[in-house]
Every structure is written in C-alpha cells, then in structure tokens.
Amino acid sequence: MPVAFLSRLLRGSEMGLEEPELWVIAIRWAVSKFRYYLLGSECTVYVPEAYLVALFRAREVHPRIQVLLADMACYRVRFEVGEGAWAYS
C-alpha cells in the first residue's frame, strides 16, 4: 500500500529529453525527497518496462544518465518491473 505520492512538472531543460532519461530524473528526484527514510535501508522501485531495469543495471550508459545514477549511489535501491495496470497510471 502506498504511503505517499509525489509529482512535479518538467523543467524547461528537461522538455527535450528522451523517455529513459526522464525516468532516471523522476526516480532520482523521488529518492532525494524520501532520502531520510531511505538511508540505511533497501527499497524497491517498480518501473513499467523491463528495459528500464536493464538501464539501471547497465555498466555502460550515456554520460548524462551516468551522472544521474551516481547521485543515487548512496541509496540501496532495487529496480523491478511492476505488474498490473497500476504500473502504467
């Protein structure tokens, strides 16, 4: 059961980014908002597509994505593909 919901609009510089980069930005932003709850514990982030899980586990990614992922290195975040219609809403 979810305990909180977050949302925000894209910034001007984010408008031209591709979908994988937008997912990384969104997850990094959400993790930073809940940082006090996440530090020292493991959490699972459910994403709607399998390629996003592969992106987060890849060793070589675009440098822009690599910088965003480096910001989340201090958190123990596990990525899994979400099941059901809720993952796409």
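- Applying the side-chain hydrogen bond (donor to acceptor under 3.5 Å, both in side chains) test to residues at least two apart or on different chains, the pairs with a partner in residues 24-36 are R28-D71.
- To the nearest 0.5 Å, atoms CD1 (I25) and CZ (R11) are separated by 8.5 Å.
- Evaluation of the side-chain contact (heavy atoms from CB on, under 4.5 Å) rule for Q66 yields V61 as partners, not counting sequence neighbours.
- Scanning for ring-ring contact (aromatic ring centres under 6.0 Å, His included) contacts around Y75 gives an empty result, with sequence neighbours left out.
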Quiz item: Is there a side chain to side chain contact (heavy atoms under 4.5 Å, CB included) between M72 and I27 once you walk through the steps?
Solution: CA-CA 9 Å; M72 295 190 310; I27 292 170; 3.9 Å; yes
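- A search for salt bridge (Lys or Arg N to Asp or Glu O under 4.0 Å) contacts involving R8 returns E14, not counting sequence neighbours.
- By the side chain to side chain donor-acceptor pair (under 3.5 Å) test, R59 is found to be paired with no residue, residues two or more places apart in sequence or in another chain being considered.
- Remark: L17 CG to L10 CG distance equals 8.0 Å, nearest 0.5 Å.
- Not counting sequence neighbours, the partners of T44 by the side chain to side chain donor-acceptor pair (under 3.5 Å) test are R78.
- Qualifying side-chain contact (heavy atoms from CB on, under 4.5 Å) partners for L9, counting only residues two or more places apart in sequence or in other chains: none.
- Summarising the geometry, atom CZ belonging to F34 is positioned 10.5 Å from atom SG belonging to C43; distances are rounded to the nearest 0.5 Å.
- Evaluation of the side-chain contact (heavy atoms from CB on, under 4.5 Å) rule for E18 yields P20, E21 as partners, not counting sequence neighbours.
- The hydrophobic cluster containing I65 does not contain V67, counting ILVMFWY residues as joined when their side-chain heavy atoms lie under 4.5 angstrom apart, directly or transitively.
- A search for side-chain contact (heavy atoms from CB on, under 4.5 Å) contacts involving R76 returns E42, not counting sequence neighbours.
- A distance of 12.5 Å separates CG in L55 from CD in E49, rounded to the nearest 0.5 Å.
- In this structure, the ring-ring contact (aromatic ring centres under 6.0 Å, His included) partners of F79, at least two apart in sequence or on a different chain, are F56.
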